[in-house]
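A short worksheet on the structure shown next.
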Amino acid sequence: MAVHDKIKILLVDDNRNNLVALESILESRDILLYSVTSGSRALELILEHEFALVLLDVQMPDMDGFETAELMRGSERSKHIPIIFITAISKEQKYVFQGYKAGAVDYLFKPIEPEILKSKVDVFLDLYRQKRIIRQQSIDLAQKINELNNALNELQKKEILLKEKSNDLEKSNKELRDFAFIVSHDLKAPLRGINSLVAWIISDYRGKLDEQGEEYLSLLQSRANHMTNLIEGVLQYSRVDRIDDIRIETDLNILVSEIIDLLSPPSHIDVEIVGKLPSIVIERTRITQVFQNLISNAIKYMDKPHGKISISCTENGEFREFHVADNGPGIDKKYFDKIFQIFQTLTSADKLESTGIGLTIVKKIVEYYGGKVKVSSIVGKGSTFTFTLPKTINAFKPNKLPDALIATTVQNERW
């Protein structure tokens with residue numbers, strides 16, 4: 001029965017006049033009254049309808065009120081229906097107790113006081129309404145629980161599927177890393193042979209070849225060197241997540257100074273640390289690769305007669321921001337995303353020996369530690385590469401390193 005359906009009350013009395021009197025007192029648009037003149041007919045209706053209350057006359061032929069009430073209490077369907085006995089018999093306690101023993105919740109004696117009857121009936125109707133609301137809420141709750149269980153089961157299935165896909169992806173990534181490492185390593189041997197052969201030809205046939213022949217050999221040697229650097233870059237990229245993440249306290253002032261000495265910038269380029277760099281707890285090889293790639297790029301692409309490169313650090317909430325700025329050629333804004341993609345360069349291999357891997361390694365390492373890298377630049381005036389690292393990097397759980405970029409092969413490089 002829906003919450004807003006009319007409530008049903010059963011009136012049982014063998015006297016039709018008494019039933020009419022009760023109907024006139026209780027008549028309402030909110031309730032439905034069912035009137036019967038015998039206990040047996042009352043029991044039949046109870047099997048067909050859900051009643052909120054039964055008003056039951058005690059003295060009836062064939063089956064009196066007490067017997068009818070006892071039979072109602074013996075049925076699972078009707079044992080909880082409240083019964084108010086209406087009687088004209090003696091008010092002696094033995095009859096009252098008999099009524100309560102049979103299952104009555106209240107007693108009314110004839111002649112009936114209309115206001116008392118309505119008041120008592122209203123109490124039981126309110127209780128029934130609350131019961132019906134609670135029952136509907138229980139049904140709704142059970143339905144919601146069922147829906148949630150179904151949703152949970154679907155989520156669990158998707159989680160299992162996602163885990164399987166993640167395991168498959170991890171396996172593929174490992175195979176990809178291993179493949180890149182092995183292939184890159186194996187390719188270096190024949191390239192060394194090509195380099196040596198070209199060097200011997202240049203040495204043994206110097207002066208015997210025309211200008212175009214020497215130019216071809218020089219170009220071949222340049223391309224072989226470029227390919228060697230490219231393979232070394234791929235090896236470095238595939239090695240990034242092979243390095244054990246052993247973090248130690250590293251004074252970046254000392255580390256960056258060592259990197260600058262190692263790169264040996266030309267005399268017309270000044271490389272300096274501005275202010276003081278912090279000491280951080282990090283894996284030393286990875287952070288070395290980051291600074292080395294950024295500084296060497298700034299040196300390589302410098303186009304000014306007096307180049308300036310500065311390395312600095314600022315605080316930004318829970319992160320440190322590291323800046324490598326130069327006064328070089330600058331980068332057009334439309335290439336900001338491209339330069340961080342593997343094998344992507346803005347200059348031809350004929351002009352600069354660039355593999356297009358250095359900035360990809362920087363991005364990979366920085367994101368591994370939960371940071372980000374970006375570039376700001378003005379064409380003709382210079383560029384600033386900024387990367388962030390969490391201040392609590394020693395407690396930071398590293399991200400999974402992306403491997404899909406390795407899938408792009410050296411075919412993107414112009415030979």
Any heavy-atom pair between the side chains of [Y] and [X] that's under 4.5 Å?
| X | Y | value |
| --- | --- | --- |
| F385 | L359 | yes |
| E164 | L161 | yes |
| E315 | R320 | yes |

Taking K6 as the fixed residue, which of D30, I31, L32 is the one that meets the side chain to side chain contact (heavy atoms under 4.5 Å, CB included) rule?
->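 Of the listed options, the one satisfying the test is L32.
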F319: what forms a side chain to side chain contact (heavy atoms under 4.5 Å, CB included) with it, not counting sequence neighbours?
->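 Result, side chain to side chain contact (heavy atoms under 4.5 Å, CB included) vs F319: T388, P390.
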Distance check, rounded to the nearest 0.5 Å: [X] atom [atom1] versus [Y] atom [atom2]?
| X | Y | atom1 | atom2 | value |
| --- | --- | --- | --- | --- |
| Q292 | I259 | CD | CD1 | 6.0 Å |
| Q137 | Q130 | CD | CD | 9.0 Å |
| I83 | R73 | CD1 | CZ | 4.0 Å |
| S257 | L252 | OG | CG | 10.0 Å |
| N167 | K163 | CG | NZ | 6.5 Å |
| I287 | I248 | CD1 | CD1 | 12.0 Å |

Kindly assign one of parallel, tilted or perpendicular to the pair F291 and F322, based on the angle between their ring planes and the thresholds 30° and 60°.
->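 Judged by the thresholds at 30° and 60°, the geometry between F291 and F322 is perpendicular.
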Determine yes or no for a side-chain-to-main-chain donor-acceptor pair under 3.5 angstrom, with S377 supplying the side chain and G382 the backbone.
->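 Confirmed, S377 side chain pairs with G382 backbone.
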Does a salt bridge link K131 with E50, judged by any charged N lying under 4.0 Å from a carboxylate O?
->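 So K131 does not pair with E50 through a salt bridge.
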E115/K118 salt bridge by N-O under 4.0 Å criterion |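 Salt bridge flag = yes for E115 with K118.
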Nearest non-hydrogen partners of V366 and K372, listed with the distance =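 For V366 and K372, the tightest heavy-atom pair comes out as CG1-N, 3.4 Å.
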Identify, with sequence neighbours excluded, every residue that meets side-chain hydrogen bond (donor to acceptor under 3.5 Å, both in side chains) alongside H306.
->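 Applying side-chain hydrogen bond (donor to acceptor under 3.5 Å, both in side chains) to H306 gives D270.
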Between Q136 and D140, is a side-chain hydrogen bond (donor to acceptor under 3.5 Å, both in side chains) present by the stated rule, with each step listed?
-> CA-CA 6 Å; Q136 186 60 49; D140 293 342; 3.1 Å; yes
